[in-house]
Amino acid sequence: MEIKTSTVSGLLKELKINRETVLVSVNNEIVPEESALKENDAVEILKVVSGG
Amino acid sequence: VVDVNCGCGNKAIYTRKYEGNSYCASCFKDQFEKRVKKTIREHGLVEKNDVIVVGLSGGKDSSVSLALMKQIFGERPDIKIIAVSIDEGIEHYRDKSLEVTKELTRKLSVDHYIVRFKSNLGKSIDDIMAAKAAGANKNLNSCTFCGVFRRYLLNRAARELGATKVCTGHNMDDEAQAVLINYLKGDLKRLARMGPNPALKKSGKFVQRIKPLRDIPEKEVALYALVSKTGNYWGECPYVSGIRFEVRDFLNDVEAKHAGTKFSFLRTFDAMLPVLRASVENNLAEITECENCGEPCSGDVCKVCELLDKLDVDLARQTALVQELVS
């Protein structure tokens, strides 16, 4: 998908996802939210809050 | 923006916003284990000769909690660790997570029992929800039934297995949510019973609860589960509803804007706890025994029997619990 941002935290903001509720991996490696994103990076967002 | 590094020089996987430090997988794992050990030590959660029943749902929190208890205490000859899973009877959710629990307890070589709603209470959560959809108990949500029944069965199972402690996977987020919910409901008595060292109940029928992950945020428990390859289930219960989830979202919204809020909220509560306990102590109802089932309660009839009555089930004075030994 087309995104405007260059960092993981920017991406989460753009998608309106609270960073407290997810872990993000880029190209199969978990990364801190301040990490940079490049073109063609494969980003996976894992929801970590559970409901019981 | 460049790659973020851990203090050791390796590539970081996580930055703890509220302290500003970044960690690689190995340093995060070490530090996580040290923090859990510190919680256990500081609050004296585990004592010599303990028989510890770990409530295991298969989710990240209980799985990490079991794996760590085994890692920390598995070599101690005087301490026994047993896993107990409660099967509420939620198709496509609990059946899947139970498979994951079986794999985990086999891997860890931990004795494992499953206690089912259906065989002990006569009804599963799916049964209760189907009846609700047909018009019964419209004003009660599934979490009310589930929470009360689950706590009851876990406590009874632990007692019948001779446990001295019940260990749960509650993390910092769970605790902060529970504190805030009790504030919002104005439930001072329940608040007074919370905290890292739960006030000892006066009934010998209650097995003391311990929460070794209480000082760890939910997100970090999830990260640890991934980094340590604990092996857990990531699915979410299809029936989740109620105030807890509104409170969860609220706390996470504040935390995202003001890092450290959950931590300071819980610490402030812990600091106020002695004063709160002293002020409500004399008002706490005497613990008696339920006149129907004989379990401890603060009125004439316990909450379990009260809810079962709504479902037309009579618990009466049961014989031993039906527990299935898995491994």
Side-chain angles (χ1 to χ4, degrees), chain A, chain B residues 1-6 11-17 22-25 28 57 59-62 88 90 93 142-143 146-147 150 169 171 173-174 217-223 225-227 232-242 244-245 248-249 251-257 259 261-262:
Chain A
M1 67 184 266
E2 194 73 29
I3 52 163
K4 297 178 197 120
T5 181
S6 61
T7 62
V8 170
S9 64
L11 173 68
L12 293 177
K13 269 187 197 138
E14 211 174 295
L15 297 173
K16 295 192 168 53
I17 294 172
N18 186 319
R19 64 174 161 79
E20 285 300 303
T21 65
V22 293
L23 288 168
V24 179
S25 74
V26 176
N27 303 324
N28 289 320
E29 279 181 27
I30 302 169
V31 296
E33 282 111 36
E34 59 271 41
S35 300
L37 283 176
K38 306 182 301 294
E39 216 172 323
N40 294 324
D41 274 342
V43 179
E44 203 180 333
I45 299 172
L46 175 70
K47 190 180 171 202
V48 298
V49 297
S50 58
Chain B
V1 185
V2 291
D3 277 341
V4 185
N5 283 334
C6 173
K11 204 171 155 188
I13 59 162
Y14 179 68
T15 299
R16 188 172 293 135
K17 291 274 182 211
S22 298
Y23 299 90
C24 67
F28 172 81
S57 70
K60 63 184 191 308
D61 305 294
S62 64
E88 307 91 345
I90 303 172
Y93 168 66
S142 56
C143 299
C146 196
R150 201 156 44 153
N171 57 49
D173 292 52
D174 296 324
E218 176 158 33
K219 183 170 170 165
E220 296 188 21
V221 179
L223 183 56
L226 288 175
V227 167
N232 62 281
Y233 181 64
W234 291 99
E236 204 169 352
C237 177
Y239 296 129
V240 292
S241 63
R244 174 170 288 268
F245 307 98
R248 174 186 80 183
D249 292 346
L251 283 170
N252 280 335
D253 284 345
V254 181
E255 179 73 31
K257 288 179 195 139
T261 300
K262 281 186 266 195

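Numbered from 1 within each chain, the chains take letters A, B, ... in sequence-line order.
Looking at B:Leu251, neither its backbone nor its side chain comes within 4.5 Å of chain A, counting heavy atoms on both sides. If you measure heavy-atom distances from B:Asp253 to chain A, the contacts under 4.5 Å come from both the backbone and the side chain. With a 4.5 angstrom heavy-atom cutoff, A:Leu46 touches chain B only via side-chain atoms. With a threshold of 4.5 angstrom between heavy atoms, B:Ser22 approaches chain A through side-chain atoms but not through N, CA, C or O. Proximity to chain B (any heavy atom under 4.5 Å) is restricted, for A:Val22, to the backbone atoms N, CA, C and O.
Highest contact tally toward chain A, considering only B:Asp249, B:Leu226, B:Val227, is held by B:Leu226 [criterion: heavy-atom pairs under 4.5 Å].
With rounding to the nearest 0.5 Å, the separation of OG1 in B:Thr15 from CD in A:Glu33 is 7.5 Å.
The closest side-chain heavy-atom distance from A:Leu23 to B:Lys219 is below 4.5 Å.
Judged by distance alone, with hydrogens and angles left aside, the side-chain atoms of B:Lys17 form no donor-acceptor pair with the main-chain N or O of A:Glu20 at under 3.5 Å.
Smallest separation of non-hydrogen atoms from A:Pro32 and B:Ala12: CD-O, 3.3 Å.
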